[in-house]
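Comments concern the structure below.
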Amino acid sequence: MWNRSFGSNATRAVLKEKKWDALIVGAGHNGLIAAAYLARGGLSVAVLERRHVIGGAAVTEELIPGFKFSRCSYLLSLLRPSIIRDLELRRHGLKLLKPMAASFTPCLDGRHLLLGMDDEHDYLEISKFSKRDAEAYPRYERQLHKYCKFMDFILDSRTPEALHKGSSFNDRLREKVQNSIFWGRCLQHALSLGQKDMVELIDLLVSPTSKVLNEWFESDVLKATLAGDAIIGTMTSINDSGSGYVLLHHVMGETTHGDRNIWSHVEGGMGSVSMAISNAAKEAGVHIATNAEVSKLMIEDSGRLKGVLLVDGTQVHSSVVLSNATPYKTFMEMVPHTFLPDDFLHAIKCSDYTSGITKINVAVDKLPQFHSCNLNSQEEVGPQHTATIHIGAERMEDIGKACQDAWNGFPSRRPIMEMTIPSSLDKTVSPPGKHVVSLFTQYTPYKPLDGCWEDITYRDLYAQRCFKLIDEYAPGFSSSIIGYDMLTPPDLEREIGLTGGNIFHGAMGLDSLFLMRPVKGWSNHRTPIKGLYLCGSGSHPGGGVMGAPGRNAARIVLGDLREA
């Protein structure tokens, strides 16, 4: 296993021996990033992880001997470049492997669309389907990248949240000044875009993805390829209003060199991201404990936070706790409800945690070969193998039908899949000549009407459905399988702690972002419990292996402690 830390009796003694300046509940990437920034700010920090392995959803596990799976998240693009620089993650072991191509969509008619090698190649590839689209595509990318500069400001900023009743005059004055600065900078960014582009940005944010792409392009395969970015991790359709934001969310990643929309593999799997962050945190003095599940927060009758209680009865003391768990798990399971306002509890309870995701990690004895693309010999890795491979989505209608199946209560008859082959670039995750294949599949309801995910036969039927669909594009894939690991929505909830199986800690619709994340009135990482903060993806600015929620929460905590 990767990313082991410490869960011994000696560690329990260390946890109990003093009052910590801050505790972090959950050693996912955001929790580790928050811990690192707090420790670098001079605080004593302990991270408490429920599982035997750190990383949360950014984890590498060897479940089949010799094969290391990135069990949940599988590519890296959104991690903020400033965090990579601040924490010196490359020095701490982070190594990104850039794919030879960005995306590959095989077609059953023998054609394919391979994008992201260079501009000239993109033009030639798209021209196979539409010369008009080939000419429009560079303009489309430039437009999205232009919007990303505005979104960078939002991602890296604290929300301009109003303080609640009972705040001191100085606190209210300071908050008003900070909020005024935010809105002033927001206006500057809007003016730099200009009115036309701002209107276009708003249209993108509120529109269905299908409308956005139909206005830009005419080719079915290009539109379906791009639409895949708008549904990742959601239970929404590309025909839903607001799905355009998720389209933008997944293209606004940036490398430390300023390149956009490059989804890299990580050497050693996604657990290496968490390991690099934990190395930076430990260097700053952070103590990380595994097998340390938090049962509840300890709160005095006065409402004063005094620490956490572990499931084994260990009390760990601190006046500051940052929860990297989902908002639902934090407030519905860890905090005594008597300390929370009724309207706040109701809003948390009613938040959308639906998910249509099932992640399947597969060990195979040979490299998949796609009949529509013969750019390499049978054993050689081609650019298509290093790309994000879109299976089952040659038309936007395919995505719509798959989503409708799940809305009707059934796993998609023809699942939509993002397939990646990390071993095409990373020789550390599989034995020589063999490969690891990651399948991010949609849509699968949490409680299907025709079966139960706890039923081994039912689970295998869905897995085989996915494998047979891949066989249509890459004959012989099913026969190459050595073994596989499968995480359905209930599995993601139980094993990783993702409420409803939602990889974002809550839906990413416009009604659940910015000042509404996690709920209205509490978007600034603070909570109704003084000293309790949210630092996970359920807080601003949202999900993905981005790190911004953890970094931003740490800044809020440090600011509050300075002013206390």
Between Thr441 and Thr358, which heavy-atom pair has the shortest distance, and what is it?
OG1-O, 2.7 Å
Can you find a pair of side-chain heavy atoms, one from Thr527 and one from Val335, that are under 4.5 Å apart?
no
Pairing residues for Ser44 by the side chain to side chain donor-acceptor pair (under 3.5 Å) criterion, not counting sequence neighbours
Asp21
Pairwise distance CZ(Arg50) to CD(Glu495) - rounded to 0.5 angstrom:
8.5 Å
Kindly determine whether Phe344 and Phe331 satisfy ring pair (Phe, Tyr, Trp, His ring centres under 6.0 Å), including the steps that lead there.
CA-CA 9 Å; Phe344 177 85; Phe331 298 109; 4.8 Å; yes
Taking every heavy atom of Met332 against every heavy atom of His337, the minimum-distance pair comes out as O-NE2, 3.3 Å
Between His265 and Tyr74, is there a side-chain heavy-atom distance shorter than 4.5 Å?
no
With a 3.5 Å distance limit and no angle check, can you tell me whether Ser318 reaches the backbone of Val321 through a side-chain donor-acceptor pair?
no
Measuring only between side-chain heavy atoms, which start at C-beta, is Arg158 closer than 4.5 Å to Arg555?
no
Supply the atom-to-atom distance Leu205 CG to Ser243 OG, rounded to the nearest 0.5 angstrom.
11.0 Å
Side-chain touch Ser264/Ile262, heavy atoms, less than 4.5 angstrom:
yes
With heavy-atom distances below 4.5 Å as the criterion, would you say the side chains of Arg304 and Lys530 are in contact?
no
Going by side chain to side chain donor-acceptor pair (under 3.5 Å), name the residues that satisfy it together with Asp560, two or more places apart in sequence or in a different chain.
Arg526, Tyr533
Close side-chain approach of Asn502 to Thr234, heavy-atom, < 4.5 Å
no
Quick one: does Ile503's side chain get under 4.5 Å of Ser355's, heavy atoms only?
no
From Val53, Val273, Ile54, residue fulfilling side chain to side chain contact (heavy atoms under 4.5 Å, CB included) relative to Val59:
Val53
State, without any angle test, whether Ser319 and Lys19 hold a side-chain donor-acceptor pair at a distance under 3.5 Å.
yes
Under a plain distance cut-off of 3.5 Å, with no hydrogens placed, do Thr488 and Asp491 share a side-chain donor-acceptor pair?
yes
Can you tell me which residue pairs pass the side chain to side chain donor-acceptor pair (under 3.5 Å) test with a partner in residues 509-518, sequence neighbours excluded?
none
From CD (Gln442) to CD1 (Ile357), nearest 0.5 Å:
3.5 Å
Do Tyr446 and Glu493 get their side chains close enough for a donor-acceptor pair, meaning under 3.5 Å?
yes
Okay, side chain of Lys359, backbone of Cys72: is any donor-acceptor separation there less than 3.5 Å?
yes
Going by ring-ring contact (aromatic ring centres under 6.0 Å, His included), name the residues that satisfy it together with Phe514, two or more places apart in sequence or in a different chain.
Phe182, His540
Please state whether the rings of Trp453 and Tyr462 are parallel, tilted or perpendicular, taking 30° and 60° as the class boundaries.
perpendicular
With sequence neighbours left out, write down each residue that passes ring-ring contact (aromatic ring centres under 6.0 Å, His included) with Tyr443, or none if nothing qualifies.
none
In Å and rounded to the nearest 0.5 Å, what is the CG to CZ distance from Leu87 to Arg551?
9.5 Å
Using 4.0 Å as the upper bound for N to carboxylate O, is an ion pair formed by Arg174 and Glu563?
yes
Main-chain N/O of Arg71 paired with Asn361 side-chain donor or acceptor, under 3.5 Å
yes
How far apart are the closest heavy atoms of Leu155 and Pro541, and which atoms are they?
CD2-CB, 3.6 Å
Would the number of heavy atoms belonging to other residues, nucleotides or ligands and lying under 6.0 Å from CG of Asp312 be above 12?
yes
Polar side-chain atom of Ser539 near backbone of Gly536 as donor-acceptor pair, under 3.5 Å:
yes
So does Pro422 get a backbone contact from the side chain of Thr420, meaning a donor-acceptor N/O pair under 3.5 Å?
no
Would you say CG of Leu449 has more than 12 non-hydrogen atoms from neighbouring residues, nucleotides or ligands within 6.0 angstrom?
yes
Taking it one step at a time, do Ile348 and Leu340 satisfy side chain to side chain contact (heavy atoms under 4.5 Å, CB included)?
CA-CA 11 Å; Ile348 291 292; Leu340 297 171; over 6 Å; no
Around Arg185, counting heavy atoms of other residues, nucleotides and ligands shown, do more than 12 lie under 6.0 Å from its CZ?
no
Any idea which heavy atoms bring Gly268 and Thr60 closest together, and the distance?
O-OG1, 3.0 Å
Backbone N or O of Leu534 within a donor-acceptor pair of the His525 side chain at under 3.5 Å?
yes
Asp203-Ser207 side chain donor-acceptor pair, cut-off 3.5 Å:
yes
Testing the basics here: between Ser272 and Glu267, what is the closest heavy-atom pair and its distance to 0.1 Å?
OG-O, 2.8 Å
Intermediate values then yes/no, side chain to side chain contact (heavy atoms under 4.5 Å, CB included), Lys329 and His505:
CA-CA 10 Å; Lys329 189 170 183 64; His505 287 206; over 6 Å; no
Results of ring-ring contact (aromatic ring centres under 6.0 Å, His included) for His145 - residues two or more places apart only
none
Distance col, row Lys16:NZ vs Thr314:OG1, nearest 0.5 angstrom, shows 5.5 Å
Got a sec: does the CG of Asp455 have more than 12 other heavy atoms crowding it under 6.0 Å?
yes
Does any part of the side chain of Ser523, heavy atoms only, come nearer than 4.5 Å to the side chain of Leu515, both counted from C-beta?
yes
Is there a donor-acceptor pair under 3.5 Å between the side chain of Ser73 and the backbone N or O of Ala57?
yes
The single option from Val45, Val320, Ile33 that satisfies side chain to side chain contact (heavy atoms under 4.5 Å, CB included) with Leu38 is Val45
How many angstroms lie between CG in Leu163 and CG in Asn179, if you round to the nearest 0.5 Å?
7.5 Å
Please walk me through it: do Glu61 and Arg51 pass salt bridge (Lys or Arg N to Asp or Glu O under 4.0 Å)?
CA-CA 12 Å; Glu61 295 187 71; Arg51 299 188 71 213; 3.2 Å; yes
Please step through side chain to side chain contact (heavy atoms under 4.5 Å, CB included) for the pair Ile360 and Leu487, ending with a clear verdict.
CA-CA 6 Å; Ile360 307 176; Leu487 292 171; over 6 Å; no
Check this for me: does any side-chain nitrogen of one of Arg80 and Asp152 sit under 4.0 Å from a carboxylate oxygen of the other?
yes
Correct closest heavy-atom pair for Tyr458 and Gly451 would be CE1-CA, 3.6 Å
Test your reading of the model: is there a side-chain donor-acceptor pair from Trp407 to the backbone of Met235, 3.5 Å cut-off?
yes
Test: Lys18 cationic atom under 6.0 Å from Trp20 six-membered ring centre, within 45° of axis:
yes
Examine distances only and state if a side-chain atom of Thr209 and a backbone atom of Ala230 form a donor-acceptor pair shorter than 3.5 Å.
no
